[in-house]
Amino acid sequence: MIDRTQEPFIRIRGLHKRLGWQEILRGIDLDVWRGETLCIIGPSGEGKTVTMKHVIGLMQPDAGIIRVDGIQVNGLRERELAPVRQRVSMLFQNAALFDSLTVERNVAFPLLEAGLRDKKEIKERVRDALEVVGLSKHGDKLPVNLSGGMRKRAGIARAIVTRAQCILYDEPTSSLDPVVSDVIDTVILRLQERHGITSLVVTHDMKSLFKIADRIAMLKDGLLRFLGTKEELRASEDPVVQDFINGRAEVDF
Amino acid sequence: MHTVTEVIRIPGRAFLHFISYMGQIAFLVRDLMIAFTNHVWRLNLVAQQIVSIGYGSQAVVIVTGAFTGAVFTFQTYAKFKDFGVESSVGAIVSVALCRELGPVLAGLMVGGRVGAAMAADIGTMKVTEQVDALRVMGVHPVDYLVLPRFIAMMISMPMLVAESISFGLLASYLVAVYGYGIPAPWFLSHMVDHTNQWDIVIGMIKGFVFGIIITLVACHQGLRAENGAVGVGIGTTRAVVISSLVMLIANFFLSILLNYIWPLGNNV
Ligand SMILES: Nc1ncnc2c1ncn2[C@@H]1O[C@H](COP(=O)(O)OP(=O)(O)O)[C@@H](O)[C@H]1O
Ligand SMILES: [Mg+2]
């Protein structure tokens with residue numbers, strides 16, 4: 001399934017980003033192959049979300065190159081990013097649902113904007129997407145009336161409904177209960193297996209990580225501290241990596 | 001020495017802020033023009049905005065117009081009576097309402113209501129990443145959020161101004177005829193003789209321009225909002241203050257320009 005013969009779907013080279021006085025990213029090199037699921041782990045506030053936003057052009061790097069499906073993303077103007085955004089969709093960490101629209105309309109939104117006009121098809125695809133995340137009964141609710149986990153699931157439905165070639169998930173299983181988390185992991189795996197979708201997943205959920213990841217990157221102090229497979233992650237002798245995956249902390253209190 | 005540099009630095013910084021602000025507005029106008037030429041109108045959003053702007057501003061516009069007309073009549077009557085020309089009250093009230101008071105006061109009031117709502121709505125979407133969500137789905141925020149509001153305001157504002165003027169004239173009539181006993185035919189004939197269609201057109205042109213000012217200023221504040229709810233509040237306040245000041249300044253220059261085109265007083 002993973003295609004290493006072509007150029008990687010996402011190619012990041014020498015990514016530097018400073019926000020305010022803080023140097024968040026200090027030279028990231030990362031490839032995500034077509035059909036691969038790559039997970040990014042690392043402590044909070046290390047720039048995982050920032051890295052992801054560079055891939056889809058929400059942020060522009062101070063230095064470095066980002067290519068998505070052969071298109072150079074950095075340096076493009078807002079309207080020139082449309083082709084990239086047709087190929088890639090994103091789940092935001094806070095879901096970022098449109099407050100003024102019902103769950104159903106939120107999920108239908110990217111389909112309508114992509115130019116789909118067939119009402120029946122839209123309805124079916126929205127229904128399928130909501131069914132996958134277990135929100136079939138809540139389609140007519142407004143986002144304010146949903147719990148955090150339900151909002152996250154609605155966000156996932158909106159991210160997968162267009163069947164983009166690549167999906168970026170920012171902490172898909174945080175704030176979900178274990179059973180629903182497992183459902184979401186299965187969804188990510190199925191999309192990879194059945195449709196060859198490339199995924200970039202930011203996660204803190206170790207169970208999910210070991211279920212879905214083909215490779216794992218760990219971000220620490222603005223650099224990649226680790227990059228490799230699950231087996232390599234388990235076998236890593238780096239104490240920072242081991243502490244992170246085992247949830248150990250050294251506290252001096 | 002220290003104070004000398006301060007004297008230069010403070011206005012210098014204000015000037016730079018002004019230049020940067022104008023630059024940002026220019027970019028917004030450019031994006032808006034591109035949005036226009038894309039010919040994607042999102043008429044349902046335009047209609048939604050017209051309802052919220054037009055219908056929602058009824059109370060504001062009617063009360064503003066009516067009480068301005070009433071109080072203006074009340075004050076002018078006393079002075080005009082000294083000269084024995086109290087039946088001419090209708091003429092002065094009509095011209096003042098059409099050319100200045102109607103558009104300016106309606107503009108300020110709608111700017112307070114609609115401008116604040118635009119800055120708050122868009123600002124909230126910005127700080128909760130809903131604007132970024134639009135971008136990710138390939139929708140330019142100016143196309144989706146600003147263009148429909150802009151079109152709706154360009155349609156609604158001239159009508160709201162005309163409505164405000166009408167209620168002002170009606171209130172003036174009521175105060176003059178029923179309050180002071182000026183015979184209705186006198187009042188009306190003076191009013192009609194001394195008002196021509198251009199006075200109304202001037203009011204509506206001003207309303208149109210004020211609509212553009214309100215939308216640009218408010219949407220700009222919304223789109224640049226950051227730092228959560230606090231930032232949205234600051235942006236909303238700024239939207240109202242800046243748009244009010246810009247409208248008052250623009251009104252002065254518009255008056256000069258429009259008076260040059262349609263001078264006051266040649267219509268008798
Ligand atoms: N728009 C922004 N402006 C300034 N600082 C930011 C912005 N976005 C993120 N940051 C900072 O960048 C760092 C990394 O953020 P983020 O990528 O969201 O972390 P995480 O790895 O938890 O996803 C944090 O310290 C955050 O405060
Ligand atoms: Mg994050």
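Only a predicted model underlies this, so the values are computations on that prediction, with no experimental measurement involved. A note on names: the letters A, B, ... follow the listed sequences, proteins ahead of strands, and every chain is numbered from 1.
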Closest non-hydrogen atoms of B:A133 and A:A96, given as atom of the first, atom of the second and distance, are CB-O, 3.7 Å
Which atoms of [X] are under 4.5 Å from chain B, going by heavy atoms: the side chain, the backbone, both sets, or neither?
X: A:F92; value: side chain
X: A:L58; value: both
X: A:L168; value: neither

Between B:V136 and chain A, which part of the residue has a heavy atom less than 4.5 Å away: side chain, backbone, both or neither?
both
So which N and O atoms of chain A and chain B form donor-acceptor pairs under 3.5 Å?
{"residue": "A:K53", "atom": "NZ", "partner": "B:E129", "partner atom": "OE2", "Å": "2.7"}
{"residue": "A:E78", "atom": "OE1", "partner": "B:R135", "partner atom": "NE", "Å": "3.2"}
{"residue": "A:E78", "atom": "OE1", "partner": "B:R135", "partner atom": "NH2", "Å": "3.0"}
{"residue": "A:E78", "atom": "OE2", "partner": "B:R135", "partner atom": "NE", "Å": "3.0"}
{"residue": "A:R79", "atom": "NH1", "partner": "B:D143", "partner atom": "OD1", "Å": "3.2"}
{"residue": "A:R79", "atom": "NH1", "partner": "B:D143", "partner atom": "OD2", "Å": "3.0"}
{"residue": "A:R79", "atom": "NH2", "partner": "B:D31", "partner atom": "O", "Å": "3.3"}
{"residue": "A:R79", "atom": "NH2", "partner": "B:D143", "partner atom": "OD1", "Å": "3.1"}
{"residue": "A:R85", "atom": "NE", "partner": "B:R135", "partner atom": "O", "Å": "3.4"}
{"residue": "A:R85", "atom": "NH1", "partner": "B:R135", "partner atom": "O", "Å": "3.2"}
{"residue": "A:N94", "atom": "ND2", "partner": "B:T128", "partner atom": "O", "Å": "3.4"}
{"residue": "A:N94", "atom": "ND2", "partner": "B:E129", "partner atom": "OE1", "Å": "3.3"}
{"residue": "A:D99", "atom": "N", "partner": "B:Q130", "partner atom": "OE1", "Å": "3.1"}
{"residue": "A:D99", "atom": "OD2", "partner": "B:Q130", "partner atom": "NE2", "Å": "2.9"}
{"residue": "A:E113", "atom": "OE1", "partner": "B:R42", "partner atom": "NH1", "Å": "3.3"}
{"residue": "A:E113", "atom": "OE2", "partner": "B:R42", "partner atom": "NH1", "Å": "2.6"}

State whether the number of non-hydrogen atoms from other residues, nucleotides or ligands found under 6.0 Å of B:F36 atom CZ is greater than 12.
yes
